[in-house]
There are 2 protein chains.
Amino acid sequence: MSQLKPKQNKPSYHHGDLRSTLLNAANLLLKETGIEGLSLRKLADKVGVSRTAPYHHFKDKNQLLCAIAEQGFVQWQQDAANIFNQTGLSPKDKYRQFFHGYISYAADNPELYDLMFGRTIWKQNSATNELRNAAYPSFNHQVEMTKKWQSQGLMPKDENTLRLSQVTWGTMHGIARLLIDGIYADRSHIDEMCDCAVNLFTQQIIQNQEPN
Amino acid sequence: MSQLKPKQNKPSYHHGDLRSTLLNAANLLLKETGIEGLSLRKLADKVGVSRTAPYHHFKDKNQLLCAIAEQGFVQWQQDAANIFNQTGLSPKDKYRQFFHGYISYAADNPELYDLMFGRTIWKQNSATNELRNAAYPSFNHQVEMTKKWQSQGLMPKDENTLRLSQVTWGTMHGIARLLIDGIYADRSHIDEMCDCAVNLFTQQIIQNQEPN
DNA sequence: AAGCATATGTTGACGCTGTCAAGATATCAA
DNA sequence: TTGATATCTTGACAGCGTCAACATATGCTT
């Protein structure tokens, strides 16, 4: 009933911080009810403003969705950075953690992941520039890491780097999707599936490189 | 304006073959406008009946979507059977063809593939029994083939069969999705990506088994 | 301090959607 | 012939995204 407003208690005509309030509420609504349950009207209602108030902060629903997805990419990239910044792990163990981390992120935020990598946004070329700027580095990073893994002898050197990174990412993406779309796999299989994939992608031979 | 009706030309109150007419038109509409453009009202309009006529043949929109997806599974299983029934191919070549065939099917029918394997149907447990009966054999087949590939020495014997089939299918699914969702990959990369994946999954050693 | 542009909020309205209820018409079995 | 059943119709409703018009607060310029 009573919405949190900044500064004072008296309800003012202007909200004061509607954009970020909307984003937070949208994230919550997304997590709770899924993308289908996320309507602008319900969102506005939840935040305590009229149906069209959000239009002063987001051009349309698509822009709101892009903004949410954008946050997701930032968040995931931090998670990934934390994994890569660990010290004292062999390349293979690091890759294993990365793989597990990716799937876990998707499993923990299924609706967000669907938004970040789903056709709702990408298929109809409706991604905002802000979203692209947040997402593309994530794609490039995958290629760079693949190149590194190849040079470390972790992955086969004779495969084209771009293709290899498309395949390995495709595998993570596919497993994530099978999981969050509730088809053919469930959470209790995650760890074993990840390990299986890592085994397939990494060479069993030559492990005498220094870490990192 | 004038819709095809069976038997005679005089427009009769009853359509005569509405269910299959709807399914065909829905498939077309799906292919042309995507899942977002597929509304029951437009569909009814296109077929030349009133908005609620389809409800006498499908309980709701979900049942129509399930029926379309069901056709997709039947169709894909025939494609797959044709590949497996080929003679004179080495196990590896056969697997390669299967992999390419899977991705091609998805790339040629992106909207249908999205329906068959997307969360629209599966995530909220809304699949009809008919759809399940068409889809599950496809999943099981994947496991059985994986078992065979392992015994043929094509894939590593020491990996759990279910996990291995989840990972290999996950890879195909992931590549298909990256492709049809228009993210990170496009059709010109398909063949190279498939070959790369097949190389990773199949042993380079020991190829002296008889075909099939 | 006054005035005005701009940012941010509101209600009203439109067309689209899925779907239910009630009534019309055709088909089929007894 | 009759009555049940299948099929198709119009009317209605709530929910959706979004535009237009209007209201109010904020902030800059003079």
Side-chain angles (χ1 to χ4, degrees), chain A residues 2-26 29-30 32-68 115 120-121 124 126 128, chain B residues 1-23 25-26 29-30 32-68 115 120-121 124 126 128:
Chain A
S2 72
Q3 255 64 35
L4 275 281
K5 306 257 174 76
K7 320 239 163 169
Q8 46 255 30
N9 272 353
K10 69 160 170 63
S12 67
Y13 190 81
H14 281 191
H15 183 283
D17 196 21
L18 187 52
R19 194 193 139 94
S20 69
T21 305
L22 282 170
L23 269 177
N24 289 339
L29 210 62
L30 182 69
E32 286 170 353
T33 69
I35 185 84
E36 305 87 16
L38 177 56
S39 82
L40 283 185
R41 296 172 100 112
K42 261 186 275 186
L43 180 60
D45 198 51
K46 192 158 227 169
V47 167
V49 293
S50 71
R51 341 171 217 115
T52 56
Y55 282 87
H56 290 275
H57 302 273
F58 303 96
K59 187 183 146 288
D60 52 19
K61 187 178 184 180
N62 177 65
Q63 284 223 353
L64 172 67
L65 296 181
C66 284
I68 300 172
L115 204 56
T120 311
I121 287 177
Q124 50 236 41
S126 61
T128 60
Chain B
M1 196 96 304
S2 72
Q3 254 64 32
L4 278 279
K5 308 255 173 74
K7 320 238 165 169
Q8 46 255 33
N9 272 353
K10 70 160 169 64
S12 66
Y13 190 81
H14 282 193
H15 183 284
D17 196 20
L18 187 52
R19 193 192 139 95
S20 68
T21 304
L22 283 171
L23 269 178
L29 211 63
L30 182 70
E32 286 170 354
T33 68
I35 184 86
E36 306 86 15
L38 177 57
S39 82
L40 283 185
R41 294 171 101 112
K42 262 187 275 186
L43 180 61
D45 200 51
K46 192 157 225 170
V47 167
V49 294
S50 72
R51 343 170 215 114
T52 55
Y55 282 87
H56 292 273
H57 302 272
F58 303 96
K59 188 182 144 288
D60 52 21
K61 187 178 184 180
N62 177 64
Q63 284 222 353
L64 172 67
L65 296 181
C66 284
I68 299 173
L115 204 56
T120 311
I121 286 176
Q124 49 237 39
S126 60
T128 60

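Just so we're clear, the structure is a prediction, and the values are computed from it rather than from any experiment. So that the names make sense, note that chain A is the first sequence line, chain B the second, and so on, each numbered from 1.
Taking the nucleotide of DNA chain C with the nearest heavy atom to each of B:Asn62 and B:His56, the more 5' of the two is matched to B:Asn62. Between A:Arg51 and B:Leu40, it is A:Arg51 whose nearest contact on DNA chain C lies nearer the 5' terminus.
For B:Thr52, taking side-chain heavy atoms from C-beta onward, the closest of the listed nucleotides D:dT9, C:dT8, D:dA12 is D:dT9.
The closest donor-acceptor contact from the side chain of A:Lys59 to the backbone of A:Leu64 lies at 3.5 Å or more, if one exists at all.
As a whole-Å value, the separation of B:Asp45 CG from C:dT17 P is 9 Å. One can place NE2 of B:His57 at 17 Å from P of C:dG18, the figure rounded to the nearest angstrom. Atom NZ of A:Lys42 and atom C1' of D:dA14 are 12 Å apart (whole Å). In this structure, CG of B:Asp60 is placed 9 Å from C1' of C:dG18, rounded to the nearest angstrom. The distance between atom CG of B:Leu43 and atom P of C:dG18, rounded to the nearest whole Å, is 9 Å. Between the OH atom of B:Tyr55 and the P atom of C:dT19 there is a distance of 4 Å, rounded to whole Å. Computed from coordinates, the A:Asp17 CG to C:dT8 P distance equals 11 Å when rounded to whole Å. One can place CZ of B:Phe58 at 17 Å from P of D:dA6, the figure rounded to the nearest angstrom.
For the residue pair A:Thr21 and A:Asn24, no side-chain donor N or O sits within less than 3.5 Å of a side-chain acceptor on the partner.
Between A:Arg51 and A:Leu40, every side-chain heavy-atom pair lies at or beyond the 4.5 Å cut-off. Contact annotation: the side chain of B:Leu22 approaches that of B:Phe58 to within less than 4.5 Å [non-hydrogen atoms, C-beta and beyond].
At a threshold of 4.0 angstrom between heavy atoms, the contacts of B:Ser39 are confined to the sugar-phosphate backbone, with no base atom among them.
Checked by distance alone, B:Arg41 brings a side-chain donor or acceptor within 3.5 Å of a matching partner on the base of C:dG18.
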